[in-house]
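Hydrogens, waters and symmetry mates play no part in the numbers below; they use all other heavy atoms, side chains included. This structure is a prediction, so every number in the text was calculated from the model and none was measured. Each residue takes its place number in the sequence, starting with 1.
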Amino acid sequence: MCRHLIPKAAALCCCTALLASCGRAETSAAVRPDGNLDECTLRFSWWGGDDRHEATLEAIELWNELHPEIRIIPEYGGWDGWTEKINSQISGGNAPDVMQVNYDWLVTLSRDGTGFYDLGDLGNYLDLSGFDSETLSFGMINDRLNAVTVSMSGRGLFYNSQVYDRVGAEYPATWQELLSLGNTFSNYGCYPIDLDIQSGGTAWYLAVVYVQQQTGKTFITMDGELGFDISDIKMALDFYKSLEDNHVIRTVRQRSDEDGSSALYQSAEFIGGNVGGVFEWGSAIGKYEAVLDENVLECGPYLTDGNGNSSGWMIKPSLMYAISSSCAYPDEAAAFMNFLLNDSGCAEILGTSRGIPASSYARDELEKSGHIDGLSKQSTDMLLELDTITVSPYMELSRMKDFYNTAIEQISYGNTDTETAASEMYESIKNYLEKLKS
């Protein structure tokens with residue numbers, strides 16, 4: 001049985017009713033928990049790479065074996081288009097019962113705190129004692145706990161050691177060292193890193209870190225205020241252009257021509273060693289590891305300005321779990337979420353496929369068994385030594401990523417200069433943020 005499933009789970013053994021799908025409630029009012037676990041089927045949705053899919057499916061198999069009366073139906077896929085799919089399901093009254101959610105979804109889908117179920121009401125089956133108050137605060141909207149942080153993560157630089165050995169290069173420790181690598185790698189017809197255009201905003205994220213380190217400013221505050229002015233945005237776009245001009249990354253046209261619609265970890269350029277590094281969330285790096293030989297991918301330093309200043313790097317909830325506000329079986333959904341977050345057997349299966357667990361129960365289990373290791377842990381440990389900035393949920397909104405990517409593409413294709421693009425981007429972001437809060 002689940003080590004941290006609350007004792008009332010004994011009621012599971014008595015369930016004999018036919019399976020009933022946990023769909024949208026008939027009324028707008030949330031179904032109240034009754035303290036009992038009934039026979040039902042729940043839908044659980046998530047996005048990720050193959051490593052996460054395989055681990056999660058195995059964990060669901062364990063749950064279904066232990067609790068056949070509460071059967072879990074998986075729904076999963078890659079990140080591209082996933083936000084739009086979930087938005088469509090929610091607006092159509094067909095939301096999954098338990099969902100892996102992105103940090104920014106709390107802003108777009110639950111601005112008043114009622115878009116997801118209030119997990120604070122589900123204490124009979126959801127044990128939150130393994131989370132500190134700061135970690136829980138990321139899921140609070142209007143004093144309602146909308147979601148629970150699964151792990152904390154930040155983007156880091158990861159390198160293909162075989163490629164760097166072939167070129168005879170060291171992993172860069174400063175921004176200038178990164179820029180200088182382009183000339184060395186160009187002699188071998190390859191690139192020191194690349195930025196995935198499929199994941200939305202990756203290039204802009206790196207440029208923001210650079211400017212935050214240079215200026216001490218924060219791009220967007222936690223309450224949605226724009227902290228950069230036009231000159232700061234121009235500095236970020238100039239930095240991005242310098243990466244292309246110095247042969248550090250491929251241009252947008254090159255990536256589109258060579259990769260098509262494939263994500264970078266699926267690209268022949270990355271798998272074949274023509275791209276020597278990636279900029280990725282520590283919680284998601286497993287999908288890049290999986291396509292290379294074992295232990296080839298390595299974690300590199302977080303870049304500094306040359307004077308040892310390592311500020312400006314960012315951290316956030318890598319992903320969260322939430323329950324649909326229309327779930328007809330909230331107790332049962334809470335029991336399954338508790339399993340995902342806290343259960344020892346589940347923790348062993350999931351490992352670090354979603355990053356280092358925020359739950360102390362899951363984290364302690366992995367530490368005890370020696371399974372908290374690898375790139376995710378190395379990256380997280382290095383990040384926590386820095387003076388990090390918490391990513392604003394507003395920074396990750398889909399519409400915001402459209403603004404970033406539009407500016408990046410215009411600069412990359414040579415359709416405009418950085419000053420013009422910065423001015424247009426500033427006005428677009430400023431107006432959008434004001435509209436959101438009006």
If I compare all heavy atoms of [X] with all of [Y], which pair ends up nearest, and what's the gap?
{"X": "S398", "Y": "T83", "result": "OG-CG2, 3.8 Å"}
{"X": "T416", "Y": "I411", "result": "O-CD1, 3.8 Å"}
{"X": "I72", "Y": "P74", "result": "O-CD, 3.7 Å"}
{"X": "L145", "Y": "G120", "result": "CB-N, 4.0 Å"}
{"X": "A147", "Y": "L106", "result": "CB-CD2, 4.2 Å"}
{"X": "G282", "Y": "F158", "result": "CA-CZ, 4.2 Å"}

Could you measure the distance from the [atom1] atom of [X] to the [atom2] atom of [Y]? Nearest 0.5 Å is fine.
{"X": "L128", "Y": "T135", "atom1": "CG", "atom2": "OG1", "result": "11.5 Å"}
{"X": "M152", "Y": "E134", "atom1": "CE", "atom2": "CD", "result": "7.0 Å"}
{"X": "F403", "Y": "S428", "atom1": "CZ", "atom2": "OG", "result": "5.0 Å"}
{"X": "T202", "Y": "N405", "atom1": "OG1", "atom2": "CG", "result": "8.0 Å"}
{"X": "D305", "Y": "T174", "atom1": "CG", "atom2": "OG1", "result": "8.5 Å"}
{"X": "H371", "Y": "I349", "atom1": "NE2", "atom2": "CD1", "result": "11.5 Å"}

Flag the pair [X] and [Y] as a salt bridge only when some basic side-chain nitrogen lies within less than 4.0 angstrom of an acidic carboxylate oxygen.
{"X": "K430", "Y": "E427", "answer": "no"}
{"X": "D238", "Y": "K234", "answer": "yes"}
{"X": "R399", "Y": "D402", "answer": "yes"}

Flag, side chain of [X] to backbone of [Y], donor-acceptor distance under 3.5 Å:
{"X": "D331", "Y": "G35", "result": "yes"}
{"X": "R255", "Y": "L195", "result": "yes"}
{"X": "S310", "Y": "L386", "result": "no"}
{"X": "E367", "Y": "I372", "result": "no"}
{"X": "N146", "Y": "G113", "result": "yes"}
{"X": "Y117", "Y": "V31", "result": "yes"}
{"X": "N309", "Y": "Q213", "result": "yes"}
{"X": "E75", "Y": "R43", "result": "no"}
{"X": "D259", "Y": "L264", "result": "no"}
{"X": "Q212", "Y": "F219", "result": "yes"}

- Considering residues at least two apart in sequence or located in another chain, which fulfil the salt bridge (Lys or Arg N to Asp or Glu O under 4.0 Å) criterion with D34? none
- What pairs with E225 under salt bridge (Lys or Arg N to Asp or Glu O under 4.0 Å), at least two apart in sequence or on another chain? K437
Would you say [atom1] of [X] has more than 12 non-hydrogen atoms from neighbouring residues, nucleotides or ligands within 6.0 angstrom?
{"X": "D223", "atom1": "CG", "answer": "yes"}
{"X": "E434", "atom1": "CD", "answer": "yes"}
{"X": "K377", "atom1": "NZ", "answer": "no"}
{"X": "Y432", "atom1": "OH", "answer": "yes"}
{"X": "E84", "atom1": "CD", "answer": "yes"}

Parallel, tilted or perpendicular for [X] and [Y], by the 30°/60° rule?
{"X": "W313", "Y": "W175", "result": "parallel"}
{"X": "Y159", "Y": "Y171", "result": "parallel"}
{"X": "W46", "Y": "H53", "result": "tilted"}
{"X": "W63", "Y": "H67", "result": "tilted"}
{"X": "Y288", "Y": "Y265", "result": "perpendicular"}

- Show the numbers, then the answer: is there a side chain to side chain donor-acceptor pair (under 3.5 Å) between Y240 and E244? CA-CA 7 Å; Y240 172 81; E244 287 190 351; 2.6 Å; yes
- Message: Assess the residue pair S151 and S153 against the criterion (side chain to side chain donor-acceptor pair (under 3.5 Å)); give the C-alpha distance rounded to whole Å, side-chain angles, the decisive distance to 0.1 Å, and a yes or no.
- Response: CA-CA 6 Å; S151 63; S153 184; over 6 Å; no
- Note on the structure: Per salt bridge (Lys or Arg N to Asp or Glu O under 4.0 Å), E396 is matched among R155, K316, K401 by K316
- Item | Donor on one side chain, acceptor on other, Y103 and T149, under 3.5 Å | no
[Y] and [X], any side-chain heavy atoms less than 4.5 Å apart:
{"X": "M99", "Y": "F116", "answer": "yes"}
{"X": "Y426", "Y": "L226", "answer": "yes"}
{"X": "L341", "Y": "L126", "answer": "yes"}

- Note on the structure: Paired with C346, the side chain to side chain contact (heavy atoms under 4.5 Å, CB included) test is passed by just one of L340, T56, I60, namely L340
- Verdict with supporting geometry, F239 and S242, side-chain contact (heavy atoms from CB on, under 4.5 Å): CA-CA 5 Å; F239 171 72; S242 72; 3.9 Å; yes
- Message: Once salt bridge (charged side-chain N to carboxylate O under 4.0 Å, His left out) is applied, what residue pairs with a partner in residues 109-125 remain, sequence neighbours excluded?
- Response: R32-D121
- Note on the structure: In Y404, Y210, F279, the residue satisfying ring-ring contact (aromatic ring centres under 6.0 Å, His included) with W204 is Y404
